[in-house]
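Treat the numbers as computed from the prediction; the structure is a model and nothing was measured.
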Amino acid sequence: MSAEATNPGAASRRRARPRLDLRRLGRAALLGPAARGRVPDAIGHVAEAHRAHHPDADLAILHRAYLLAESSHRGQFRKSGEPYITHPLAVTLILAELGAETTTLTASLLHDTVEDTDVTLDQVREEFGAEVCYLVDGVTKLEKVDYGAAAEPETFRKMLVATGNDVRVMSIKLADRLHNMRTLGVMRPEKQARIARVTRDVLIPLAERLGVQALKTELEDLVFAILHPEEHERTRALIAENTDAVDALAAVAGKVRAVLRDAGIQAEVLVRPRHFVSVHRVRLKRGDLSGTDFGRLLVLVGEDADCYAVLGELHTCFTPLISEFKDFIAAPKFNLYQSLHTAVAGTDGAVAEVLIRTHQMHRVAEAGVVALGNPYTADTAEGAGSPGAAESSAGAEGERADPTRPGWLSRLLDWQESAPDTDTFWTSLQADLAEDREITVFRADGGTLGLPAGASCVDAAYAQHGEAAHACVGARVNGRLAALATRLGDGDTVEPLLAQDAAAGPSPDWLQHARTPAARIAITGWLAEHPEAAKAQAAAPRAAACGSAASGGGRRAGANAVAEAPGLPGATVRLAGCCTPVPPDAVTGFPVRGGAVTVHRGECPGVSRMRAMGRQPVEVRWGRAAECRVTLVAEAFGRPRLLADLTEAIATAGAAVVSATVEPPSEQRVRHTYTLQLQDAAGLPSLMRAMRDVAGVYDVSRARHPAAP
């Protein structure tokens, strides 16, 4: 597979990021350094790209770095047959085009010297300073001879720790991986797949979190081509069949320019074709695509206020789709991204998505932390990239004052220290990076906590109190008492409540509600250190809820569940049909006639009704549930074959339809309600995702029926 074949989106971006001619570069490198005082021909294009962003940059240090890299790598060749020096040159060009400052480019040229040649870190420090030395050390891999199979995970741990002190370490690593992915075709297919999976699970999420969209999108396309060749080919053919899509968008862009010109707003209106993975995602979401679905309009203006002026004109002169409006200027994403998002329809009905941002916002949107230049220029006599620099810029809560040390990175650096082994670190890292949305919750003392979406009071307790959270007995959420399993929403105020008993410890049940690695590692560690206490808690009297509920009110629990509760030994457990709880829902049980226990989801209206009737709750927990029954509601835009496509998605996910109802359409929207039998409750999230991916479906949620008296 050629580099061009692994990067099908390259053609549309070549104007913005020209490719290296590796053969020409290789010849230039083999000719050796240029005459004294001249920039070598091999790095002329790097110097040109660098000066475009930094006109006053001193190129002398780049010249010296190239001479050392070229001489130390001389005689080494890549698997493609090109001189090895072409790789650090290509990586450096990627960073130069993104606007990286001189120190980053210097370290990039040298990033493989310590790993692959006789050059030492002491030599780098002596010739280029502590800052460059720190960056080179940060991206240098650990030896397999020393670490064996743990070398790759431990190398990533080392890089992340170094990134905590200087984010430019990860910038170099991302550019390094991008060039390696571009030229991955010379590797064996199985090695291509292994590298692509690590890129998908670790590098792409890191690029997203650091805001380096230009690298992230190309990495996504390269991974897509390797891991999903059939879907990639289908998407390539779809794009090829719609070559006139740019014309459709260009027509809308012309109308937008006219509107803004008449309003006296100076703006640049560009057509931005979607990259391959983006087209693939839109196709899965919307089904058939129109011409304007293959790209978006980008409007660039000078000031923040101009963004809102543009928005006002577009919403006045076109028909806006209000549901598509998002304001990431007033509320930036956690990765520094700022833009206004909207979608408008013209008189011909064509809908175009529009991104509105300033030129500076656009630089940050494309290059993320790389666009910040050197964020550590500061105030201490220590080198900006030295370990001491991080401490000097830490705030009162231990968070970095600058935006390159966001909350997610601080949390990651905290929990990785507690990971007991390499496997735990590696699996926890991938799980942590898989969370693509953050929420902010307020502490009762006035501080804030950044947590992944879906985090519970358990996660908040460990984020705020560390291992002291072992003694947590509950929490207040927005001033009201709440169970530790309660999931938190963006903007909630949470106050974990700690017991005075220092010997108190977590229950194994807490692992069902913990989403963050910090909480899971701490809980698992305590349970391993206190096996007798953990066993006693697990055997404490409570009703064990398992099995599944039929739509008529539940079924008897089978061999998978044993109900244990004081005066209720061996009670039959039924799951309430009004809310169809499944693991790991927070649940509450109530004794009912016949000596049975009915189990409801914690937020079910039936819980309030049972309490109002004087029924006393019984503590319940999940046993080893296998099959379960759940009711899901799919909200969608009406279209032919919707029912067939939804039932096909359900069947493909391994669930069986017990019953289904379709409500009459209202304003072109329909609601489908399905009662489904799952072989394993753990498959519920993936089932709901599969249903949401059906074209026209815009939401899938758990049913909430009124509880029967």
Side-chain angles (χ1 to χ4, degrees), residues 200 220 224 227-239 241-242 245 274-296 321-324 326 341 343 345 349 351 353 434-437 453-454 551 580 582 628-705:
R200 176 196 63 194
E220 283 184 327
F224 186 41
L227 297 184
H228 304 283
E230 294 180 359
E231 287 296 316
H232 171 267
E233 175 56 27
R234 187 176 295 117
T235 304
R236 186 204 63 75
L238 182 64
I239 293 173
E241 292 167 4
N242 290 271
R274 292 184 185 273
H275 65 108
F276 270 46
V277 171
S278 180
V279 171
H280 174 67
R281 288 172 180 156
V282 172
R283 182 181 65 81
L284 291 179
K285 184 69 177 176
R286 301 178 187 169
D288 294 336
L289 302 183
S290 64
T292 53
D293 289 328
F294 287 87
R296 295 184 285 192
L321 278 66
I322 300 302
S323 61
E324 298 295 322
K326 297 181 180 66
H341 289 203
V351 176
E353 293 184 34
E435 300 292 345
D436 59 357
R437 190 168 69 85
S551 57
T580 56
V582 297
C628 69
R629 190 168 292 187
V630 65
T631 301
L632 300 179
V633 178
E635 307 274 358
F637 296 107
R639 66 170 178 83
R641 287 192 52 80
L642 176 62
L643 179 61
D645 291 345
L646 270 169
T647 52
E648 181 181 355
I650 291 167
T652 302
V657 178
V658 177
S659 63
T661 59
V662 180
E663 298 180 15
S666 174
E667 296 181 348
Q668 297 185 335
R669 300 184 182 187
V670 294
R671 174 181 294 172
H672 293 202
T673 302
Y674 297 91
T675 298
L676 306 172
Q677 189 80 16
L678 280 70
Q679 294 299 314
D680 187 345
L684 180 59
S686 59
L687 167 64
M688 294 176 71
R689 283 196 298 270
M691 293 174 67
R692 289 191 188 102
D693 285 340
V694 172
V697 176
Y698 58 85
D699 191 31
V700 176
S701 60
R702 299 276 295 280
R704 293 188 181 183
H705 303 304

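Side-chain contact between V351 and L321: present, with at least one pair of heavy atoms (C-beta onward) separated by less than 4.5 Å. Counting heavy atoms from C-beta on, the side chains of H341 and E324 never come closer than 4.5 Å. By the 4.5 Å heavy-atom criterion applied to side chains, F294 and L238 are counted as neighbours.
With rounding to the nearest 0.5 angstrom, the CD1 atom of I239 is 10.5 Å from the CD atom of E241. Here the straight-line distance linking atom CG of L678 with atom CG of L676 works out to 6.5 Å at 0.5 Å rounding. If you take CD on E233 and CZ on F276, they are separated by 8.5 Å, rounding to the nearest 0.5 Å. Residue T235 holds its OG1 atom at 11.5 Å from CD of E230, rounded to the nearest 0.5 Å. Atom CG of L632 is separated from atom CD1 of I650 by 7.5 Å, given to the nearest 0.5 angstrom.
With sequence neighbours excluded, the residues that form a ring pair (Phe, Tyr, Trp, His ring centres under 6.0 Å) with Y674 are H672. For S278, the side-chain hydrogen bond (donor to acceptor under 3.5 Å, both in side chains) partners two or more places apart in sequence, or in a different chain, are R274.
Shortest non-hydrogen contact noted between R671 and V633 is CG-CG1, 3.4 Å. Between R702 and V630, the closest heavy-atom pair is NE-CG2, 3.3 Å. Here the closest non-hydrogen pair linking L227 and P229 is C-CD, 3.4 Å.
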Could you tabulate the donor-acceptor pairs under 3.5 Å formed by side-chain atoms of residues 683-698, not counting sequence neighbours?
unit_1: S686; atom_1: OG; unit_2: G683; atom_2: O; d: 2.9
unit_1: R692; atom_1: NH2; unit_2: V700; atom_2: O; d: 2.9

Determine whether E231 and R236 satisfy the following criterion, salt bridge (charged side-chain N to carboxylate O under 4.0 Å, His left out), listing intermediate values before the conclusion. CA-CA 9 Å; E231 287 296 316; R236 186 204 63 75; over 6 Å; no

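Ring geometry for H280 versus F224: interplanar angle of 30 to 60°, hence tilted.
The residues D645 and R639 are annotated as salt-bridged, a charged nitrogen and a carboxylate oxygen being separated by less than 4.0 angstrom. Taking the charged nitrogens against the carboxylate oxygens, R281 and E220 do have a contact shorter than 4.0 Å, which makes a salt bridge.
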